[in-house]
Amino acid sequence: MTDVVARLLNACNAEKDKGADFPTIWKTILKVHPYVAGSPIQDSGEGGPMLRIPLITGQFLVFLGSNFSLL
């Protein structure tokens with residue numbers, strides 16, 4: 001299961017590195033992925049605003065504006 005999550009994380013960051021914005025990544029990768037459990041949740045943290053995307057594993061992909069990470 002962690003391999004799938006790692007590949008999803010890498011795919012999102014690769015698209016971001018190519019210049020894709022969050023709405024494009026959401027529509028083309030995240031929204032259709034079977035491990036994504038719901039819509040993005042707006043939140044904020046030490047680094048400022050962020051979007052948390054729930055996964056079926058109980059983890060969250062976190063978009064901080066410049067990259068995706070795992071929470």
Are Trp26 and Ile56 in one and the same hydrophobic cluster, where Ile, Leu, Val, Met, Phe, Trp and Tyr link if side-chain heavy atoms are under 4.5 Å apart? yes
Does Thr24 reach the main-chain N or O of Ala20 with its side chain, forming a donor-acceptor pair under 3.5 Å? no
Phe68-Met50 co-clustered via ILVMFWY side chain contacts under 4.5 Å: no
Side chains of Leu8 and Leu55 in contact at under 4.5 Å (non-hydrogen atoms): yes
Check for me, please, whether Leu51 and Leu61 land in the same ILVMFWY cluster - side-chain distances under 4.5 Å, paths through other members count. yes
If Ile, Leu, Val, Met, Phe, Trp and Tyr residues are connected whenever their side-chain heavy atoms lie under 4.5 Å apart, and connections chain through other members, are Phe60 and Leu70 in the same group? no
Student check: side-chain heavy atoms of Leu9 and Asn13 closer than 4.5 Å: yes
Out of curiosity, Ser39 OG to Arg52 CZ, how far, rounded to the nearest 0.5 Å? 13.0 Å
When rounded to the nearest 0.5 angstrom, what distance separates CZ in Phe63 from CG in Asp43? 14.5 Å
Contact between Pro54 and Val36 at the side-chain level, heavy atoms closer than 4.5 Å - yes or no? no
Check whether any side-chain heavy atom of Lys16 sits under 4.5 Å from a side-chain heavy atom of Ile25, and report yes or no. yes
With a 4.5 Å limit on heavy-atom distance, are the side chains of Gln59 and Val5 in contact? yes
Rounded to the nearest 0.5 Å, the CZ atom of Arg7 sits from the NE2 atom of His33 at a distance of 7.5 Å
Output the distance between atom CD1 (Ile29) and atom CD1 (Ile53), rounded to the nearest 0.5 Å. 11.0 Å
